[in-house]
Amino acid sequence: MELNKIQTIAFDADDTLWVNEPIFTNTRLKFEEILKSHIDANSLEDELYQTERKNLEIFGYGIKGFMLSMIESAIELTKGAITGQEIQQIIDLGKEMLVHPVEILPGVRKTIKALKEDYNILIITKGDLFDQENKIARSGLAHHFKWIEIITEKDEATYYEVLHKHQIDISTFLMVGNSLKSDVLPVCNLGGRAVHIPFHDTWQHEHLTENDLVNQKYLELKNIDELVNILS
Ligand SMILES: [Mg+2]
């Protein structure tokens, strides 16, 4: 992949710069524990996901929407038998997520510091504005980035808008992220470059089929550390 034209590198945030999905995974398990006194089920993950998916277009991405989806699923699955106290426990799970310490992934600090010497670096992340701003501030990384864009959906149209706004030529643009669906595909479709750094835990909503990936040109790296090498 031709990388010598690259001038701007954008990073996804969740599960690319810091840990995110494991916090959700852990909360889903605690949610199931709360419901276990009401219903007999091995896993409620799919039921919860269906509610989340249905609510995405109303709430958008983020923890607050996830909290409401947990409450809605709890009411549905227990046929209204969930108690006020248990709903409070679910709300508390969401609040814990919102103040969870930001855990920067290995190699991120070093890589960001090295790359900002030679490139314009930015963050493009989707989600709840308040929550994402808060996390970026608490990460202590914000000052390294030239721009930070928090968007509601990572699709071709939104990437196009962001690039246009900052007058970035797509042929000089590289996106780095853990999600093929959100970070890699839309950017490749626009003619940009992308680097995929898989994370061990991926939300169902970000899964793609093999078909979606046919003819896509992107690079896959194991660790963010490798970025500096492939760019030099
Ligand atoms: Mg991500």
Side-chain angles (χ1 to χ4, degrees), residues 1-24 61-62 97-151 154 158-159 161-180 182-188 190 192-202 206 217-232:
M1 191 164 70
E2 278 274 333
L3 290 171
N4 51 14
K5 280 177 78 185
I6 300 301
Q7 293 170 3
T8 302
I9 304 173
F11 291 86
D12 164 57
D14 290 337
D15 298 322
T16 298
L17 300 179
W18 49 70
V19 174
N20 179 63
E21 193 54 33
I23 303 170
F24 278 83
Y61 297 93
M97 293 175 82
L98 287 164
V99 297
H100 197 282
V102 179
E103 192 187 329
I104 310 286
L105 287 166
V108 165
R109 272 196 189 85
K110 198 174 71 184
T111 306
I112 296 298
K113 277 185 192 158
L115 293 177
K116 77 170 187 180
E117 299 301 324
D118 300 309
Y119 300 91
N120 292 321
I121 59 167
L122 42 148
I123 291 179
I124 302 181
T125 180
K126 74 176 177 217
D128 178 68
L129 184 62
F130 182 83
D131 182 22
Q132 292 292 19
E133 276 180 344
N134 209 329
K135 256 195 293 191
I136 290 164
R138 287 186 294 135
S139 75
L141 294 175
H143 63 285
H144 294 301
F145 296 92
K146 188 163 182 187
W147 300 297
I148 293 171
E149 290 288 343
I150 300 165
I151 55 185
K154 276 179 153 174
T158 331
Y159 277 107
E161 247 174 66
V162 170
L163 295 174
H164 186 73
K165 181 169 128 191
H166 297 295
Q167 298 182 309
I168 299 165
D169 177 348
I170 186 78
S171 67
T172 66
F173 178 74
L174 175 72
M175 181 72 201
V176 180
N178 71 300
S179 166
L180 287 169
S182 299
D183 305 317
V184 172
L185 267 192
V187 173
C188 287
L190 286 172
R193 313 286 144 129
V195 166
H196 181 224
I197 307 175
F199 190 68
H200 60 84
D201 196 350
T202 310
E206 301 291 335
K217 289 193 183 120
Y218 63 92
L219 216 83
E220 190 151 308
L221 299 182
K222 273 208 176 72
N223 295 299
I224 202 163
D225 299 86
E226 299 165 45
L227 256 187
V228 179
N229 283 336
I230 62 148
L231 284 159
S232 60

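Counting begins at 1 with the first residue of the sequence.
- Distance check: Thr158 OG1 to Glu149 CD gives 10.5 Å after rounding to the nearest 0.5 Å.
- The side-chain heavy atoms of Leu141 and Arg109, taken from C-beta on, include a pair separated by under 4.5 Å.
- The number of heavy atoms from other shown groups lying within 6.0 Å of CD (Glu220) is above 12.
- In this structure, Ile151 CD1 and Leu129 CG are separated by 12.0 Å, a value rounded to the nearest 0.5 Å.
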Review point. Please walk me through it: do Ile150 and Thr125 pass side-chain contact (heavy atoms from CB on, under 4.5 Å)?
Key: CA-CA 5 Å; Ile150 300 165; Thr125 180; 3.9 Å; yes

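- Remark: Lys135 NZ to Leu98 CG distance equals 9.0 Å, nearest 0.5 Å.
- Between Thr172 atom OG1 and Ile9 atom CD1 the span is 10.5 Å, to the nearest 0.5 Å.
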Considering only distance and modelled atom types, tabulate donor-acceptor pairs under 3.5 Å from the side chains of residues 224-232, sequence neighbours left out.
| unit_1 | atom_1 | unit_2 | atom_2 | d |
| --- | --- | --- | --- | --- |
| Asp225 | OD2 | Lys110 | NZ | 3.4 |
| Glu226 | OE2 | Lys222 | N | 3.4 |
| Glu226 | OE2 | Asn223 | N | 2.9 |
| Ser232 | OG | Val228 | O | 3.4 |
| Ser232 | OG | Asn229 | O | 3.1 |

Exercise for review: Test Ile112 against Phe145 for side-chain contact (heavy atoms from CB on, under 4.5 Å), laying out the working first.
Suggested key: CA-CA 9 Å; Ile112 296 298; Phe145 296 92; 3.7 Å; yes

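- Counting only heavy atoms from C-beta outward, the side chains of Val187 and Phe173 approach each other to under 4.5 Å.
- At a threshold of 4.5 Å between non-hydrogen side-chain atoms, the residues Asp14 and Tyr61 do not count as touching.
- For the pair Val195 and Phe11, the minimum side-chain heavy-atom distance is 4.5 Å or more.
- Side-chain atoms of Leu105 and Thr16, non-hydrogen and from C-beta on, never get closer than 4.5 Å to each other.
- A 4.5 Å side-chain heavy-atom check between Glu21 and Asn178 finds every atom pair outside the cut-off.
- The CG atom of Leu174 sits 13.5 Å away from atom NZ of Lys5, with the distance rounded to the nearest 0.5 Å.
- No side-chain heavy atom of His196 sits less than 4.5 Å from a side-chain heavy atom of Asp183.
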Check your understanding: Asp12 and Lys154: side-chain contact (heavy atoms from CB on, under 4.5 Å), yes or no, with the steps?
Key -> CA-CA 10 Å; Asp12 164 57; Lys154 276 179 153 174; 2.8 Å; yes

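- Put simply, the side chain of Val162 does not reach to within 4.5 Å of the side chain of Tyr159, judged on heavy atoms.
- Minimum interatomic distance between His200 and Pro22 (heavy atoms only, all atoms of both residues): CE1-CG, 4.0 Å.
- Between Arg193 atom CZ and Cys188 atom SG the span is 9.0 Å, to the nearest 0.5 Å.
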Return all side-chain donor-acceptor pairs below 3.5 angstrom for residues 115-124, not counting sequence neighbours, or 'none' if the list is empty.
| unit_1 | atom_1 | unit_2 | atom_2 | d |
| --- | --- | --- | --- | --- |
| Lys116 | NZ | His144 | ND1 | 2.9 |
| Asn120 | OD1 | Lys146 | NZ | 3.4 |

